[in-house]
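Both counts, for ligands and for their atoms, begin at 1 and track the order of listing. Just the heavy atoms: all of them, side chains too, but no hydrogens, waters or symmetry mates, feed the values below. Please read all numbers here as calculations on a predicted model, not as lab measurements. By convention here, the first residue in the shown sequence is residue 1.
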Amino acid sequence: METNTSLNTRKQQATPRGVGVMCDWYAQKSENATIWATDGRTFTDFAGGIAVLNTGHRHPKIIKAVSNQLEHFTHTAYQVTPYESYISLAERINALAPIDGDAKTAFFTTGAEAVENAVKIARSYTGRHGIITFGNAFHGRSFMTMAMTGKIAPYKRDFGVMPAGVFHARYPVACNGITVDDAIESIHNIFSEDISAHDVAAIVLEPVQGEGGFHIAPTEFLTQLREICDAHGILLIADEVQSGFARTGQIFAMQYHDVKADLITMAKSLGGGFPISGVVGRAEVMDAPNAGGLGGTYAGSPIAVAAAHAVLDVIEEEKLCDRANTLGKTLVTLLETLKEKYPAVIQDIRALGSMIAVEVQNADIAKAIQNHAMEHGLLLLTCGKHGNVIRFLYPLTIPTEQFNAGLNILEKSFASL
Ligand SMILES: Cc1ncc(COP(=O)(O)O)c(C=O)c1O
């Protein structure tokens, strides 16, 4: 068996440092909420492959659906030879998504690709070019989505001039003193200082910021954004790549609000470990681009589409939205107890269903907790502008006993500070 040291040396020699890697051990096998490492250790996965595994690693129903698809065909390119499963998946998403009136869905492969395509659709529909996103946003690593991302290091640093026409407003973050009024004012400032409202195609926001630190947009903010969009003919795009598919206790986080987006992007947990993304939106908006303007060789791969059908079945059959709320309550209760015990360490707790984060004093403390947890077999992710937020993205299918054991490790990690 090759050692971690030897694998790490080979990694360093064969792959660039730009692909930053968190763990210094290697995966061999995984199932539900457990990852077995090649060095014989096991880990409880509270990272979920960065929000991809709401239905857990290798859910038997997903594996079965994919295996069945492998027996039929693996790739035709949907734009060349279509298949029914793509259409029926679109029909299911159209029925589930909180979109006003008739909806249509197109599938792609990655989250960044979904966001890119949402921008293309918005530009095509409005005939305008401008895009407003938010400070601390994360929308991907392609050039347009990198421009839309509201954080320089590490995402934009040294990559030169970004595509033009992207402007950043402020995202309301109560604990940082940014009110809804401040955020709305920043949009009006963009209209008066950077780009006329009638040149703006879309405002793109994460209803719960992911990489930015799990900040939750208040309904009041979304209501005012909708009013601004309606007043100026601007589209509202919700990026639900991280918040989608039961994580927040709803299929889409936008379901918590009485406000509808024109387009919603999705990816990650839609595919349960297989790469698929999509854009759902108002039918007339989705139909704006000309035939051939949307797509991609692998977009809506039949294997990933089969997985996505199974994901939707599992979410429904195993009541994963309810489960997200139940698990979330248990974790929040623990975090509140920890806040009472360590008031100087814990600055804020943010939770919507099981999209939960705890903000600690600084990045060193977050790292220390993450390292201690990993040494004891629990995988945690950090996020946030300053890297001082620990986020929880455990599979919603995790057995209760394993979940509680994970919380026990978390508690000990705080105690170890
Ligand atoms: C909200 C959001 N949008 C877009 C992306 C980009 O997705 P991908 O990494 O699949 O391109 C991410 C990834 O973390 C995300 O969290």
Taking a cutoff of less than 4.0 Å between a non-hydrogen atom of the residue and any ligand atom, is Asp239 in contact with ligand 1?
yes

If we number the atoms of ligand 1 from 1 as shown, the ones under 4.0 Å from a heavy atom of Gly140 are 6 (C)

protein heavy-atom neighbour closest to atom 7 (O) of ligand 1 works out as Gly111 CA, 3.3 Å

For Glu206, the atoms of ligand 1 under 4.0 Å from one of its heavy atoms are 1 (C)

Worksheet item: What orientation do His215 and Tyr171 show, parallel under 30°, tilted 30 to 60°, or perpendicular over 60°?
Response: tilted

- Query: Does a salt bridge link Asp262 with Arg282, judged by any charged N lying under 4.0 Å from a carboxylate O?
  - Reply: yes

Atom 4 (C) of ligand 1: closest protein heavy atom, distance to 0.1 Å, is His139 O, 3.2 Å

Practice task
Look at Asp102 together with Lys104 and state whether they make a salt bridge at an N to O cut-off of under 4.0 Å.
Solution key: no

Atom 2 (C) of ligand 1: closest protein heavy atom, distance to 0.1 Å, is Phe138 O, 3.3 Å

State whether Phe221 and Arg170 meet the cation-pi test: NZ (Lys) or CZ (Arg) under 6.0 Å from the six-membered ring centroid, and within 45° of the perpendicular axis. no

- prompt: Would you call Gly210 a ligand 1 contact, heavy-atom distance under 4.0 Å?
  reply: no

ask   = Less than 4.0 Å between a side-chain N and a carboxylate O, is that true for Arg350 and Glu359?
value = yes

Run the ring-centre check on Phe43 versus Trp25 and record whether the distance is less than 6.0 Å. yes

message = Any protein heavy-atom neighbour for atom 9 (O) of ligand 1 (distance below 4.0 angstrom)?
response = no

Heavy-atom proximity to atom 13 (C) of ligand 1 ranks first, among Gln242, Glu211, Lys268, for Lys268

ask   = Is any side-chain N of the basic residue among Glu211 and Arg391 closer than 4.0 Å to the acidic one's carboxylate O?
value = yes

Note: ligand 1 atoms sitting under 4.0 Å from heavy atoms of Ala112 are 6 (C), 7 (O), 8 (P), 11 (O)

